[in-house]
K.L.:
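Before we start, here is the structure in question, set down as structure tokens.
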Amino acid sequence: MTVQINSAAIIGGGYMGGGMAQSLALSGVCCKIADIDAEAARKSVDRLVEEGRRYEGEGLFPSGAGELLESNLRAAHSLADAVDDVDYVAEVVPERLELKQSVIGQISAAAKSGTIIGSNTSAIPISTLAESSAEPENFLGVHWMNPSYFVPSVEIIPTVSTSAGAVEAVEKLLGRAGKVATQVSDSAGFVANRLQFALYQEAVRMVEEGLADPAQIDEVVSNSFGFRLAVFGPFAIADIAGLDVYEGAFRSMEAAYGERFAAPSLLREKVAAGQLGMKSGQGFLAMDPAQAGGLAKYRDRAYAELGALKQRLGNPPID
Ligand SMILES: NC(=O)c1ccc[n+]([C@@H]2O[C@H](COP(=O)([O-])OP(=O)(O)OC[C@H]3O[C@@H](n4cnc5c(N)ncnc54)[C@H](O)[C@@H]3O)[C@@H](O)[C@H]2O)c1
């Protein structure tokens, strides 16, 4: 039987926890916020309601958002006061292992049996944190993106001990809040941050090497493959381009930068087997060449609309 989550507590009402609380409250879930003390929790709720009213006025939040936030958000006096009678608790304190372990232990001690606990850690393996919970079957990673209300994705990271019922209950909660919840394996950085940090590491390396400055890199990325990433993931993009093309580019970069740019063996195997992506009907994804016309039309419409949106918004206000 799946547990239905009707009430939640957010432990750590800062940047991420605040946005998560707004998202859940706007989906109709009553949400208590605890922070380092009652005063910090109260300030967090005040800030979230005030921001919600402003965003409603600016058309960024739906009509009625301010009122809904006011009725569904409550500042808790303490962690125990926040978690003792709710169905779901989100741990959203700063990214320090010992702090998270201590807070998860406190949540477990104060919550009723059966309460589901989700950690918003960015990169700590969930199995490491699960050791601090009293009921590992009710513990999982629930990793929201920044800013929580606006970015659709949430990674759900069960451990080997997490029950299917807990995963399903969290999926339903996120679905209600309009999120795109994707279950991923438990490994450091999960999917989003492992990829994001690989990109960032290479970008900083280019600055260190004096090849480009940060503003140039940002301009190229957000107007090239970053532009495409709003619509397609790296596998669809590579299948559309052709895996043989990718293998050739890897060869040139491996010659310049060494082993870290060698073509992955799975890519080489696919090319050797004639699985080149859309042009052969199969790459990493199944791509029927008969559907190529429809896909190109979708892509071009999406890019035209994205281009127009970017033009309308103008450049970000960064000096
Ligand atoms: N900022 C991001 O872009 C982002 C994105 C995804 C995930 N995360 C993760 O979310 C978590 C929180 O990050 P953030 O950016 O919201 O940090 P933040 O500093 O804005 O918020 C953390 C909040 O936790 C409170 N806090 C600290 N110790 C506490 C305790 N013992 N009990 C209760 N509350 C306590 C702080 O007062 C603060 O309000 C981290 O694990 C971070 O890695 C952050």
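When reading the values below, keep in mind they use all heavy atoms of this one structure, side chains included, and skip hydrogens, waters and symmetry mates. Every number for a ligand or one of its atoms is a count from 1 in the order of the listing. Residues take their numbers from the sequence shown, with the count starting at 1.
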K.L.:
Can you tell me if Leu79 contacts ligand 1 (heavy atom of the residue under 4.0 Å from the ligand)?
P.N.:
no
K.L.:
Let me see the working for Glu135 and Ser108 under side chain to side chain donor-acceptor pair (under 3.5 Å), right down to the final yes or no.
P.N.:
CA-CA 8 Å; Glu135 296 177 340; Ser108 265; over 6 Å; no
K.L.:
Are any of the protein's heavy atoms under 4.0 angstrom from atom 8 (N) of ligand 1, yes or no?
P.N.:
yes
K.L.:
Would you kindly specify which portion of Met145 sits under 4.0 Å from ligand 1, judged on non-hydrogen atoms: side chain, backbone, both or neither?
P.N.:
neither
K.L.:
Do the ring planes of Tyr298 and Phe232 sit parallel (below 30°), tilted (30 to 60°) or perpendicular (above 60°)?
P.N.:
perpendicular
K.L.:
Show the numbers, then the answer: is there a salt bridge (charged side-chain N to carboxylate O under 4.0 Å, His left out) between Arg268 and Glu247?
P.N.:
CA-CA 7 Å; Arg268 288 203 311 269; Glu247 192 188 31; 5.1 Å; no
K.L.:
State whether the shortest distance between N or O atoms of Thr121 and N or O atoms of ligand 1 falls below 3.5 angstrom.
P.N.:
no
K.L.:
Atom CD of Gln22 and atom OH of Tyr149: how far apart are they, to the nearest 0.5 Å?
P.N.:
9.0 Å
K.L.:
For Glu95, take its heavy atoms, then give the atoms of ligand 1 lying under 4.0 Å from any of them.
P.N.:
40 (C), 41 (O), 42 (C), 43 (O)
K.L.:
For atom 6 (C) of ligand 1, what is the closest protein heavy atom, and at what distance to 0.1 Å?
P.N.:
Trp144 O, 3.3 Å
K.L.:
Taking only Lys NZ, Arg NE, NH1 and NH2, and the carboxylate oxygens of Asp or Glu, determine whether Glu50 and Arg53 approach each other closer than 4.0 Å.
P.N.:
no
K.L.:
Look at atom 24 (O) of ligand 1 and say which protein heavy atom is nearest, naming residue and atom and giving the distance to 0.1 Å.
P.N.:
Gly12 CA, 3.4 Å
K.L.:
Output yes when Asp35 and Lys43 qualify as a salt bridge under the 4.0 Å nitrogen-oxygen rule, no when they do not.
P.N.:
no
K.L.:
What protein heavy atom sits nearest atom 13 (O) of ligand 1, and how far off is it?
P.N.:
Met16 CG, 4.1 Å
K.L.:
Mark yes or no for whether Lys179, through its side chain, and Ser148, through its backbone, hold a donor-acceptor pair below 3.5 Å.
P.N.:
yes
K.L.:
To check your reading of the model: name the closest protein heavy atom to atom 12 (C) of ligand 1, its residue, and the distance in Å.
P.N.:
Val92 O, 3.4 Å
K.L.:
Please list the nearest protein heavy atom to atom 11 (C) of ligand 1 with its residue and the distance rounded to 0.1 Å.
P.N.:
Val93 O, 3.4 Å
K.L.:
When you measure from atom 21 (O) of ligand 1 to every protein heavy atom, which one gives the shortest distance, and what is it?
P.N.:
Gly14 CA, 3.4 Å
K.L.:
Could you walk me through whether Gln275 and Ser280 satisfy the side chain to side chain donor-acceptor pair (under 3.5 Å) test, starting with their C-alpha distance in whole Å, then the side-chain angles of each, then the deciding distance to 0.1 Å, before giving a yes or no?
P.N.:
CA-CA 6 Å; Gln275 295 180 359; Ser280 71; over 6 Å; no
K.L.:
Would you indicate which of Pro94, Ala123, Ala76, Ala192 comes nearest to atom 27 (C) of ligand 1 when only heavy atoms are counted?
P.N.:
Pro94
K.L.:
Can you name the atoms of ligand 1, numbered from 1 with element, that are less than 4.0 Å from a heavy atom of Lys100?
P.N.:
40 (C), 41 (O)
K.L.:
Could you tell me the residue and atom name of the protein heavy atom closest to atom 38 (C) of ligand 1, and the distance to it rounded to 0.1 Å?
P.N.:
Asp35 OD2, 3.6 Å
K.L.:
In this structure, does ligand 1 have an atom that sits under 4.0 Å from one of the heavy atoms of Gln106?
P.N.:
no
K.L.:
Please list, in number order, the atoms of ligand 1 under 4.0 Å from a heavy atom of Val103.
P.N.:
31 (N)
K.L.:
Counting heavy atoms only, which of Ser122, Gly17, Ser148 is nearest atom 43 (O) of ligand 1?
P.N.:
Ser122
K.L.:
Quick test: of every protein heavy atom, which one is nearest to atom 20 (O) of ligand 1, and how far off is it to 0.1 Å?
P.N.:
Tyr15 N, 2.9 Å
K.L.:
For the residue pair Tyr55 and Phe61, categorise the inter-ring angle as parallel (less than 30°), tilted (30 to 60°) or perpendicular (more than 60°).
P.N.:
perpendicular
K.L.:
Test Gln106 against Ser102 for side chain to side chain donor-acceptor pair (under 3.5 Å), laying out the working first.
P.N.:
CA-CA 6 Å; Gln106 291 172 54; Ser102 157; 3.1 Å; yes
K.L.:
Under a heavy-atom criterion of less than 4.0 Å, does Leu99 contact ligand 1?
P.N.:
yes
K.L.:
Below 30° counts as parallel, above 60° as perpendicular, anything between as tilted: where do the rings of Tyr257 and Phe261 land?
P.N.:
tilted
K.L.:
Among Asn120, Ile36, Ile33, which residue places a heavy atom closest to atom 10 (O) of ligand 1?
P.N.:
Asn120
K.L.:
Show your working on ring-ring contact (aromatic ring centres under 6.0 Å, His included) between Tyr303 and Phe227 and close with a plain yes or no.
P.N.:
CA-CA 8 Å; Tyr303 290 173; Phe227 179 90; 5.5 Å; yes
